[in-house]
Amino acid sequence: MSKTLIVGAGLSGATIARLFADGGEEVIVIDKRNTIGGNAYDYVDKNGVTVQSYGPHIFHTNDKGVFDFLSKFTEWTPYEHRVKALVKGKLVPVPFNLKSLDELYPKDKAERIKDVLIKEVGMDKKVPILQLKEHDSEEIREFAEFVYQNIFYIYTKKQWGFKPEELGESVMNRVPVYISYEDRYFTDEFQYMPKDGFTEMIANMLRHPNIKLKLGKDAKKIISLKDGNIYLNGKPFDGRLIYTGCIDELFGYSMGVLPYRSLKFKFKTKKCSSYQDAAVVNYTTSAKFTRISEFTKFACEKKEKTVIVKEYPRNFRKGRIPYYPIPLSQNTAHYCQYLEEALKYKSLYLLGRLANYKYINMDVAVRNAMDLYEKVKDKD
Ligand code: FAD
Ligand code: UDP
């Protein structure tokens, strides 16, 4: 029986741990936090509200394999996420769609732009804003500039510290403009919240006789790497190391610190059952925070009190949480230097948002873990 040590009890680590365990192998999972679930961690507060400590997390996927796998560990509450943005004093749907257009333009002009968009781009199309800004039609370019300024430019500068053009497609294509009246934030086939929360779902994944979980244990205090060899507590480690933490930290920052974006969350309990008109309101033209999320709306819970969180983006530095890898080409090149180093360690496997330095959703984290398991299960 081979030894497998998994660093990180987030969705990536928990998924691969469970797959090994179901396959009959014993694994150890460690996490430096005292909680499981990584950034998907949630808890029920004293008013009965499910609060997500690391920001709003909504499950959505088109990957049936991922959905079926997670369904073994939770029941689901159907939930379709809707987001609004505060623009010119009105709350309009985001992704920006024909309904948003109707709400912000005078009727005649709205009808004309809609006609041009439907004729030139096509009904039911989703177009990334940077692409719409380059359209041949001057009228469409003018409309795109309006959407760019009111929805994307300020929000993106706040969130990342960079302009939309600098970040490119992997960020900006996540929220395209919809040439339709579709007002859901996601159009994936499977859109649900785990009935008892993400923590409970992940706890069920980790609850297995073959999984030993140790919380409050920091890998950097027990793991070291040198000349292609892995050491655990100073002794050669001959098992597999599956690592879901920051790759630069694993290598002692020997090639410098990778850039991340961090966040500060400000939570407030409000003495009302509803605080705002949507589950999430994006502040795309004003305020220092990017968005306000209201947790009671995520699974349509009705409580006497509600809880909101404001997100304030900020630079990452020691002591802060590295929430988002920043997908600029120079950062990817920097990451690749670490990756090259990592490839010298034949039993080291990098997995997840931090170790792969990729801005991924939860379903992709699960899919990547499933794929990695298939790749390594028969290797020592
Ligand atoms: P993480 O959740 O970051 O888990 C990594 C774990 O490794 C952590 O628990 C950490 O403590 C541990 N660790 C790190 N270093 C060490 C170490 N040295 N020693 C021990 N343990 C260590 N996705 C969606 O699908 N829908 C959403 O709505 C959504 N919203 C998001 C909102 C925000 C604000 C953020 C930041 C992300 C959001 N995501 C969302 C993405 C989602 O959080 C990730 O896809 C998912 O958490 C990735 O899981 P992971 O296990 O790879 O990483
Ligand atoms: N975005 C924006 N305005 C919005 C919504 C999104 O500019 O109203 C941009 C912004 O750069 C953001 C990216 O699109 O970081 C992706 O948005 P998403 O909601 O997917 O971000 P996440 O929930 O992952 O933070």
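All residue numbers refer to positions in the sequence shown, counting from 1. Every number for a ligand or one of its atoms is a count from 1 in the order of the listing.
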Polar contact flag for [X] and ligand 1 (N/O pairs, less than 3.5 Å):
X: Glu311; answer: no
X: Leu11; answer: yes
X: Ile58; answer: yes
X: Met362; answer: yes
X: Ala219; answer: yes
X: Glu249; answer: yes
X: Gly55; answer: no
X: His60; answer: no
X: Lys32; answer: yes
X: Ser12; answer: yes

Among all protein heavy atoms, pick the one closest to [atom] and tell me residue, atom and distance.
atom: atom 9 (C) of ligand 2; result: Thr156 OG1, 3.8 Å
atom: atom 13 (C) of ligand 2; result: Val171 CG1, 3.8 Å
atom: atom 2 (C) of ligand 2; result: Tyr155 CD2, 3.4 Å
atom: atom 25 (O) of ligand 2; result: Tyr324 OH, 2.6 Å
atom: atom 44 (C) of ligand 1; result: Ile360 O, 3.6 Å
atom: atom 18 (P) of ligand 2; result: Tyr185 OH, 3.7 Å
atom: atom 8 (O) of ligand 2; result: Asn282 ND2, 2.9 Å
atom: atom 20 (O) of ligand 2; result: Arg174 NE, 2.9 Å
atom: atom 15 (O) of ligand 2; result: Trp160 NE1, 2.9 Å

When you look for heavy atoms under 4.0 Å from ligand 1, do you find them on the side chain of Asp218, its backbone, both, or neither?
both
Exactly one of Tyr324, Tyr357, Trp160, Tyr335 clears ring pair (Phe, Tyr, Trp, His ring centres under 6.0 Å) with Tyr260, and that residue is Tyr357
Could you walk me through whether Phe289 and Tyr283 pass ring-ring contact (aromatic ring centres under 6.0 Å, His included), step by step?
CA-CA 7 Å; Phe289 49 87; Tyr283 286 74; 4.9 Å; yes
Decide whether an N or O pair under 3.5 Å exists between Val175 and ligand 2.
no
Check this for me - ligand 2, Arg291, N or O atoms closer than 3.5 angstrom, yes or no?
yes
List the steps and the verdict of side-chain hydrogen bond (donor to acceptor under 3.5 Å, both in side chains) for Asn361 and Arg367.
CA-CA 10 Å; Asn361 285 336; Arg367 167 51 60 196; over 6 Å; no
Check if [X] has a non-hydrogen atom at a distance under 4.0 Å from any atom of ligand 1.
X: Leu351; answer: no
X: His81; answer: no
X: Tyr54; answer: yes

Near Gly38 (heavy-atom distance under 4.0 Å), the atoms of ligand 1 are 2 (O), 4 (O), 8 (C), 9 (O)
Going by the rule ring-ring contact (aromatic ring centres under 6.0 Å, His included), which residues pair with Tyr253 if we only count those two or more places apart in sequence or in a different chain?
none
If you count every heavy atom of other residues, nucleotides or ligands that lies below 6.0 Å from Lys217 atom NZ, does the total exceed 12?
no
Go through the structure and list residues passing side-chain hydrogen bond (donor to acceptor under 3.5 Å, both in side chains) with Arg112, not counting sequence neighbours.
Glu139
At less than 4.0 angstrom from any non-hydrogen atom of Gln159, what atoms of ligand 2 do you find?
15 (O)
Tell me, please: is Tyr359 in heavy-atom contact with ligand 2, that is, under 4.0 Å?
yes
